[in-house]
Amino acid sequence: MANAEARRAGPGPFEVVEIERTFLREVGSVFWFIVNTFQETLERVQQGRVPFRAASFFRESVGAGVDSVPLVGLVSFFL
């Protein structure tokens, strides 16, 4: 009986197929998100509209990067 439980420890074939489908679905959605982003950016450039403001982009980048260091340090301290 212990051998049967030891062999059954891994996922079954149907579970593996479901995991693979979920993985491929997620990868596909990320791929199409990137394609849509580039497509929208190119359309805006062709229309003569700027896809984003450089000042806003760098302000948000600093907010997501450098300004989040104290928060990351605090969370790391508690972990």
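- With E15 contributing its side chain and G12 its backbone, the two residues share a donor-acceptor pair below 3.5 Å.
- Atom-to-atom distance recorded for R25:CZ and E20:CD is 12.5 Å, nearest 0.5 angstrom.
- Expressed to the nearest 0.5 Å, how far CD of Q47 lies from CG of L42 amounts to 11.0 Å.
- The CZ atom of F14 sits 13.5 Å away from atom CD1 of I19, with the distance rounded to the nearest 0.5 Å.
- Linking Ile, Leu, Val, Met, Phe, Trp and Tyr residues whenever their side-chain heavy atoms come within less than 4.5 Å leaves V16 and L24 in two separate clusters.
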Could you go through the side-chain contact (heavy atoms from CB on, under 4.5 Å) check for V62 and R59 one step at a time? CA-CA 5 Å; V62 168; R59 183 175 53 247; 6.0 Å; no
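- Here W32 contributes atom CH2 and I34 contributes atom CD1; the two are 11.5 Å apart, rounded to the nearest 0.5 Å.
- Here OG of S68 is found 12.5 Å from CG of L74. Values are rounded to the nearest 0.5 Å.
- One distance of note links CG of D67 with OG of S61; it measures 11.0 Å at 0.5 Å rounding.
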